[in-house]
Amino acid sequence: MDAMAQDRPLVTRFAPSPTGFLHIGGARTALFNWLYARHFGGTFRLRIEDTDRERSKPEAIDALLQGLSWLGLDWDGDVVFQFARAARHAEIAHQLLAQGKAYYCYATPDELEEMRNQQKAEGKPQRYDGRWRDRAPDDSRRNVRPAIRIKCPQTGDTLIEDRVQGDVRFRNDVLDDFIILRSDGTPTYMLSVVVDDFDMGVTHVIRGDDHLTNAARQRQIIDAMGWPVPVYAHLPMLHGPDGAKLSKRHGAQGIHEFEGMGYLPEAMRNYLLRLGWSHGDDELISTEQAIQWFDLDAVQKSPARLDYKKLDFVNGHYIREADDARLAELVIAHRQSKGEPTATDHQRQMLIAGMKGLKERAKTIIELADSAAYVFASRPLPLDEKARLVLTPQAQTANTAIAMSISNVEWKAGKLEEVVRAFAATHGLRLGDVAQPIRAALTGKTTSPPIFDVMEILGKEETLLRLNSSPKSNN
RNA sequence: GCGCCCUUCGUCUAUCGGUUAGGACUCAAGAUUUUCAAUCUUGCAAGAGGGGUUCGAUUCCCCUAGGGCGCGCCA
């Protein structure tokens with residue numbers, strides 16, 4: 001069955017509805033499609049399924065495109081807009097009608113609802129009963145505009161050979177004749193998907209497993225048209241940390257929210273990849289490596305939950321790997337988004353110089369920005385609670401003495417450390433005893449990158465001023 | 001109700017009939033250390049339940065339970 005599909009150049013696609021933002025689950029679906037295409041040198045297409053005019057929003061299209069771009073998932077060719085292709089979809093419906101593979105159904109929505117209610121009351125499966133299946137077009141119903149339903153086989157079964165789910169068999173008698181063209185002449189999703197996939201040359205349909213049963217329906221249209229059957233791969237869904245379906249209740253759902261929380265796109269790619277896909281014991285997998293390794297065989301069948309702790313770990317790894325200047329810009333952008341003024345050139349330079357020590361300690365850009373605050377702070381420094389406790393009057397006296405002792409030292413971290421160590425030794429103190437007050441005075445916190453590096457980055461003048469300036473109060 | 005899918009440590013997962021069931025995150029302890037991280041070491045922790053098949057089942061089959069999805073003139 002895959003044979004026909006495999007004769008054609010490999011094409012995957014991501015086909016979201018523009019109803020909001022790029023959902024985290026959708027992002028993973030897009031990632032898998034993208035990786036599969038890139039791995040096999042195929043094409044990754046993007047299609048916007050905007051046939052539901054009520055729910056489609058133009059802003060949502062931008063959000064989708066932006067989300068994908070941010071994630072680094074570049075698509076090939078033009079974006080296809082499904083609604084624009086409605087005439088083509090209708091054409092296929094009429095073709096099927098002409099071939100006797102579809103038929104007009106004059107049942108009104110009210111009649112259908114009544115039918116379903118009755119089925120429900122009788123405990124029978126709810127599906128279209130085929131009441132117009134074998135009737136000739138009815139002139140007596142000229143006041144009713146008919147919909148077009150596809151005529152599905154009623155015996156035998158439909159097999160979906162899914163690369164993730166395995167062989168899934170549906171008895172044809174549980175499938176009903178569904179509508180492919182509405183009475184207003186617009187196509188339904190079932191039809192549009194199949195026609196677009198065919199016209200776009202899609203060979204591999206990789207999507208959420210909420211579409212698994214749809215595949216059996218779509219297969220009816222494909223068979224009726226005699227089109228090649230794509231390879232299917234239905235991915236398990238993503239759940240919230242509590243195992244329930246992902247919803248507003250879980251906080252972040254949109255990819256843009258993860259960006260706002262300070263996650264890096266490469267970290268998201270790695271983390272999302274490992275949700276449902278594995279390569280032995282490998283955890284930290286670069287995108288290049290993922291492209292080399294990715295295939296559908298290693299996709300898990302069961303749903304996965306989002307785990308922020310693990311995401312943080314992965315993000316921390318990529319922050320440490322990231323370029324200092326890039327991180328500096330992300331920190332500055334984050335500060336600006338919070339209403340802080342832009343960085344001066346000098347601050348930017350200090351930030352980059354200090355990034356090596358900073359990025360080792362952060363799991364998100366927010367944490368990074370937080371610990372980088374000392375670069376931007378002005379005197380007197382705001383102290384956090386712990387720093388305030390450290391900076392006792394005695395500690396300040398010591399800081400003043402230290403400031404004195406280093407005021408003529410060559411301004412290099414190594415030299416400064418030598419002198420301060422000697423200072424501590426002559427006073428019978430451990431380095432830690434003097435380092436913490438210095439840290440508090442220089443950064444306003446009790447945790448920071450190595451303190452002599454901080455001195456070097458801050459520069460002599462600023463360091464001495466911070467050591468000597470006394471915070472307003474030291475209760 | 002009908003159909004389909006899923007079920008290994010708290011979480012993500014490895015295992016493709018024979019393992020002391022492995023790794024990662026988290027958590028705990030230790031090493032290192034000027035703080036915090038990073039790193040390293042160690043530890044806690046799992047095959048939903050019940051039947052089969054088999055010399056042997058986490059692995060294959062069936063049932064039950066639990067979870068998910070679909071059953072629209074929504075996508």
Side-chain angles (χ1 to χ4, degrees), chain A residues 15-17 19 49-52 54-56 82 105 107-109 112-113 116 119-120 122-128 145-149 160 162 164-166 168-171 174-176 178-184 186 188-190 192-193 208-214 216-217 234 236-237 239 241 243-245 271 274-284 298 300-314 316-317 320 357-363 367 371 386 390 417 420-421 424 430-436 438-440 443 445-452:
Chain A
S17 301
T19 53
E49 308 215 318
D50 56 351
T51 54
D52 185 338
E54 303 263 305
R55 288 200 285 177
S56 294
Q82 193 161 61
C105 172
T108 63
L112 293 173
E113 197 188 326
R116 279 184 213 105
Q119 289 168 336
K120 194 168 185 176
E122 293 172 16
K124 288 202 265 191
Q126 293 170 53
R127 59 180 83 107
Y128 178 69
R145 296 181 68 83
I148 296 179
R149 285 180 187 270
I160 299 298
D162 194 280
V164 172
Q165 306 292 336
V168 184
R169 217 170 276 277
F170 297 88
R171 292 214 321 274
V174 306
L175 265 27
D176 61 1
F178 56 94
I179 290 173
I180 56 176
L181 199 74
R182 299 187 189 96
S183 50
D184 65 0
T186 60
T188 60
Y189 164 76
M190 254 3 129
S192 300
V193 167
D209 72 6
D210 49 339
H211 286 287
L212 185 56
T213 47
N214 288 337
R217 291 200 150 74
H234 287 93
M237 315 249 53
H239 288 169
K245 190 183 176 182
Y271 179 71
R274 282 289 291 104
L275 247 33
W277 181 85
S278 60
H279 184 272
D281 286 339
D282 294 303
E283 295 287 347
L284 266 6
Q300 189 84 5
K301 295 170 84 169
S302 51
R305 307 179 187 199
L306 237 35
D307 178 7
Y308 285 96
K309 289 283 180 52
K310 179 92 172 255
L311 211 206
D312 282 346
F313 165 78
V314 173
H317 167 79
R320 272 171 260 135
L358 252 14
K359 69 183 181 183
E360 221 175 292
R361 295 165 170 74
K363 295 199 183 312
E367 284 182 17
S371 57
K386 288 176 190 165
V390 167
E417 179 169 353
V420 175
R421 275 188 189 277
R430 288 173 307 174
L431 183 53
D433 296 330
V434 293
Q436 281 306 80
I438 297 175
R439 191 185 314 281
T443 69
K445 301 177 196 298
T446 51
T447 67
S448 83
I451 203 62
F452 304 109

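Note that the coordinates shown come from a computational prediction; the quantities given were computed from them, not determined experimentally. Naming convention: chains lettered A, B, ... in sequence-line order (proteins, then strands); numbering from 1 in each chain.
The interatomic distance linking A:Asp281 (CG) with B:C25 (C1') rounds to 14 Å, in whole Å. Note: CZ (A:Arg305) to P (B:C6) measures 18 Å, nearest angstrom.
In terms of phosphate contacts, A:Arg171 brings no side-chain nitrogen or oxygen within less than 4.0 Å of OP1 or OP2 of B:C4. For the OP1/OP2 pair of B:C6 and a distance below 4.0 Å, the side-chain nitrogens and oxygens of A:Lys301 include at least one atom meeting the criterion. Note on A:Thr188: every side-chain N or O is 4.0 Å or more away from OP1 and OP2 of B:C73.
Between B:U26 and B:G43, the distance separating the two C1' atoms is 14 Å to the nearest Å. Comparing B:C9 with B:C27, their C1' atoms are spaced 13 Å from each other, to the whole Å. For B:G68 and B:U8, the P atoms lie 15 Å apart once the distance is rounded to whole Å. Taking the C1' atoms as reference points, B:A48 lies 40 Å from B:A37, given to the whole Å. To the nearest whole angstrom, the two P atoms, one in B:C16 and one in B:G22, are 14 Å apart. Taking atom C1' on both B:A14 and B:A38, the two are 27 Å apart, rounded to the nearest angstrom.
Taking the salt bridge (charged side-chain N to carboxylate O under 4.0 Å, His left out) definition, one finds that A:Arg217 meets it with A:Asp176, sequence neighbours left out.
To the nearest 0.5 angstrom, A:Asp312 atom CG is 9.5 Å from A:Tyr271 atom OH.
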Atom pairs, protein N/O to nucleotides 63-72 of chain B N/O, distance under 3.5 Å:
{"unit_1": "B:C69", "atom_1": "O2'", "unit_2": "A:Asp210", "atom_2": "O", "d": "3.2"}
{"unit_1": "B:G70", "atom_1": "O4'", "unit_2": "A:Thr213", "atom_2": "OG1", "d": "3.4"}
{"unit_1": "B:G70", "atom_1": "O2'", "unit_2": "A:Thr213", "atom_2": "OG1", "d": "3.0"}
{"unit_1": "B:C71", "atom_1": "O2'", "unit_2": "A:Gln126", "atom_2": "O", "d": "2.7"}
{"unit_1": "B:G72", "atom_1": "OP2", "unit_2": "A:Arg116", "atom_2": "NE", "d": "3.4"}

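Checking B:C25, B:C4, B:U13 against the side-chain heavy atoms of A:Ala304 singles out B:U13 as nearest. With B:U11, B:A75, B:U13 as the candidates, the nucleotide lying closest to the side chain of A:Asp307 is B:U11.
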Produce a footprint string for nucleotides 31-37 of chain B: one letter per nucleotide, 5' end first; B if the base is under 4.0 Å from any protein heavy atom, S if only the sugar-phosphate is, - if neither. ---BBBB
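Using a 4.0 Å heavy-atom criterion, one finds that A:Ser302 contacts the sugar-phosphate atoms exclusively.
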